[in-house]
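Structure first, commentary second.
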Amino acid sequence: MLGSVLETVAKADTPAGENFTAMVGLAGSLRGVVTFFCGAQSARQIAARMLGPDVACTEDQVCDAIGEICNMVAGNFKNKLIGLDRQCLLSVPAVVTGNAYRVHSLAGGESLQTILLLEGAPLVVRLDIHA
């Protein structure tokens, strides 16, 4: 989608400054949340690649792009759930931005996290499943 090579890493430092976190809820036969996290520079790069090089991205467009990436990841995951895919619904993405915040999932079950690097900057994708 972004025309980028991503590298998988075991651990990465949280970028300093403003960060973006998008969340998509799972409801129905599978309950939980998919979270996508990145720094502001990565968020702007993602939006620019999605919208094209001739578009000056506004903050709203950056939030929409990050929300859409999270939605695509959640949708791809849901579609791979043979037999559960039609009984699992996705929420509209929600995006949080800022300099100092922490995300706490109340799913209370299993978690799976993947850290990828986009041009050296971390992108974190997390799945929390409700017990």
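FYI, the numbering just counts along the sequence from 1. Just so you know, these numbers use all the heavy atoms, side chains as well, and skip hydrogens, waters and symmetry mates. What you are looking at is a predicted structure, and each value in this text was computed from that prediction instead of being measured.
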Check residues 114-126 and write down every donor-acceptor pair under 3.5 Å in which the side-chain atom is one partner and the other belongs to a residue at least two apart or another chain.
{"residue": "E119", "atom": "OE1", "partner": "Q45", "partner atom": "NE2", "Å": "3.3"}
{"residue": "E119", "atom": "OE2", "partner": "R49", "partner atom": "NH2", "Å": "2.3"}
{"residue": "R126", "atom": "NE", "partner": "D128", "partner atom": "OD1", "Å": "3.0"}
{"residue": "R126", "atom": "NE", "partner": "D128", "partner atom": "OD2", "Å": "3.1"}
{"residue": "R126", "atom": "NH1", "partner": "Q113", "partner atom": "OE1", "Å": "3.4"}
{"residue": "R126", "atom": "NH2", "partner": "S111", "partner atom": "OG", "Å": "3.0"}
{"residue": "R126", "atom": "NH2", "partner": "D128", "partner atom": "OD1", "Å": "3.1"}

Of the non-hydrogen atoms in A43 and F20, which two are nearest, and what is the gap between them?
CB-CD1, 3.7 Å
Pairs under 3.5 angstrom only: tabulate donor-acceptor contacts from the side chains of residues 59-73 to other protein residues two or more places apart or in another chain.
{"residue": "Q61", "atom": "OE1", "partner": "T58", "partner atom": "N", "Å": "2.9"}
{"residue": "Q61", "atom": "OE1", "partner": "T58", "partner atom": "OG1", "Å": "3.4"}

Quick one: pull up CD1 in I129 and CD in E110 and give me the separation to the nearest 0.5 Å.
9.0 Å
Test side chain to side chain contact (heavy atoms under 4.5 Å, CB included) on R31 and L26; report intermediate values, then the result.
CA-CA 5 Å; R31 296 177 298 149; L26 304 167; 5.7 Å; no
Using a 4.5 Å cut-off on heavy atoms from C-beta on, say whether the side chain of E18 contacts that of N99.
yes
Indicate yes or no for a side-chain donor-acceptor contact from K78 to the backbone of C88 under 3.5 Å, with no hydrogens or angles considered.
yes
Evaluate the criterion side chain to side chain contact (heavy atoms under 4.5 Å, CB included) for residue pair L81 and L30; output intermediate values, then yes/no.
CA-CA 10 Å; L81 299 173; L30 183 66; 3.4 Å; yes
Heavy-atom closest pair (N19 atom, G17 atom, distance to 0.1 Å) is ND2-O, 3.2 Å
Quickly, which of L127, N76, L90 forms a side chain to side chain contact (heavy atoms under 4.5 Å, CB included) with V34? Name it, please.
L127
Tell me, please, which residues at least two apart from T21 pass side-chain hydrogen bond (donor to acceptor under 3.5 Å, both in side chains).
Y101
Is the closest side-chain heavy-atom distance between F77 and V24 below 4.5 Å?
no
